[in-house]
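Below: one structure, written as structure tokens.
Per chain, numbering begins at 1; letters A, B, ... match sequence-line order. Side chains included, hydrogens not; waters and symmetry mates left out as well; all remaining heavy atoms used.
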2 protein chains.
Amino acid sequence: MLLIATRNKHKFEEIKRFVPDGIQVVSLADLGINLEVEEDGESFVQNSIKKAVFYGNMTKMKVIADDSGLVIDALNGFPGVHSARFMKDYDYKEKMMVILKMMEKKEERFARFVCAATYYDPVGNIIICCEEKVEGTLAYEIRGSEGFGYDPIFIPNGYDKTFGEMGEEKHKISHRYKAFTKLFSLLRAIIFDK
Amino acid sequence: MLLIATRNKHKFEEIKRFVPDGIQVVSLADLGINLEVEEDGESFVQNSIKKAVFYGNMTKMKVIADDSGLVIDALNGFPGVHSARFMKDYDYKEKMMVILKMMEKKEERFARFVCAATYYDPVGNIIICCEEKVEGTLAYEIRGSEGFGYDPIFIPNGYDKTFGEMGEEKHKISHRYKAFTKLFSLLRAIIFDK
């Protein structure tokens with residue numbers, strides 16, 4: 001039994017698809033946990049580990065957690081680790097419109113999605129964290145309604161669609177796919193086979 | 001090639017003995033690195049990861065780091081994560097004398113040594129961290145000159161000698177032995193065999 005430590009329903013569904021067959025997962029909502037962790041770390045890795053350790057110590061369950069965000073070169077990495085906190089009380093459509101406004105005059109549109117995926121076993125006292133990214137560029141307008149978060153303004157390299165226009169295809173190339181695939185391949189080797 | 005990210009010569013020698021045969025290690029001193037990381041985390045795990053990530057990103061080498069300390073129940077966990085920072089400019093004999101003074105009237109003398117051992121691969125973007133502890137009691141006086149740090153005032157459960165009186169025996173039961181043995185057994189499964 002593995003706790004996927006997110007309060008974001010979209011993220012829960014996305015992570016669930018990367019969990020190997022035969023491992024049962026539950027969400028924070030399933031456990032009735034409403035407590036939020038302050039994501040005040042300086043890096044995706046720090047926030048991801050902080051979340052996993054917090055919910056793992058609370059529940060004594062094995063946990064996976066994720067911290068991810070959009071990093072835009074022309075904005076010195078903004079919103080980055082602030083991706084969720086930025087305009088916290090607004091929806092993503094409004095957040096994306098502000099980002100597009102900030103990028104209006106910018107020709108350099110390099111951006112990347114970064115994901116830090118963490119496993120924490122509070123009994124074995126083991127933390128494993130992998131960080132992965134997918135490179136791309138920032139779109140000029142909001143395109144597509146698939147995915148969640150900043151997906152509709154991010155075009156991965158080698159594609160002309162945004163993550164928001166991609167559907168299933170996204171889950172074969174995304175930052176979250178790469179981070180969790182690596183994490184589970186490490187876990188398979190050391191944990192699940194024993 | 002593995003960087004053991006400590007500036008403490010004793011700790012370097014201790015960790016080196018837990019590294020599996022065939023893996024070459026270097027120290028920060030070997031690389032001429034004098035920069036210090038501020039150990040300002042709230043836990044051994046945080047400090048250990050902070051050190052590993054700092055020196056790994058600096059050198060692009062695979063790194064192992066450790067953060068460890070003595071946790072005394074009757075002092076609400078003190079010195080704990082402050083073990084190194086506490087009376088930083090004094091030597092350990094003076095630090096231990098102050099601790100013994102603080103413990104003079106205390107009958108409950110439960111204490112434990114805790115070690116968080118971290119591996120960081122800055123190219124693969126993988127962090128693995130294990131925390132282990134050894135339970136024991138606080139001695140009434142400084143005993144023995146083996147080991148380092150607070151070793152001469154810590155008596156592990158099941159023994160009547162302090163770590164400072166133990167020599168080789170310590171390295172079969174210590175917090176550092178347990179944490180690094182676990183860490184290397186995880187690493188053997190996922191990294192070194194491939």
Let me check something: any side-chain donor-acceptor pairs from residues 129-139 of chain A under 3.5 Å, sequence neighbours excluded? List them with distances.
unit_1	atom_1	unit_2	atom_2	d
A/Glu132	OE2	A/Lys182	NZ	2.7
A/Glu135	OE1	A/Arg112	NE	3.1

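The 12-atom threshold is not exceeded at OH of B/Tyr177, counting heavy atoms of other residues, nucleotides or ligands nearer than 6.0 Å. Counting heavy-atom neighbours within 6.0 Å of B/Tyr92 OH, excluding the residue itself, gives a total above 12. The number of heavy-atom neighbours closer than 6.0 Å to CG of B/Asp91, taken from other residues, nucleotides and ligands shown, is above 12.
Shown here are the side-chain hydrogen bond (donor to acceptor under 3.5 Å, both in side chains) partners of A/Lys161, two or more places apart in sequence or in another chain: A/Glu169. With sequence neighbours excluded, no residue forms a side-chain hydrogen bond (donor to acceptor under 3.5 Å, both in side chains) with A/Arg85.
Near-neighbour residues of residues 29-61 of chain B relative to chain A, defined by a heavy atom under 4.5 Å from a heavy atom of that chain, comprise B/Val45, B/Ile49.
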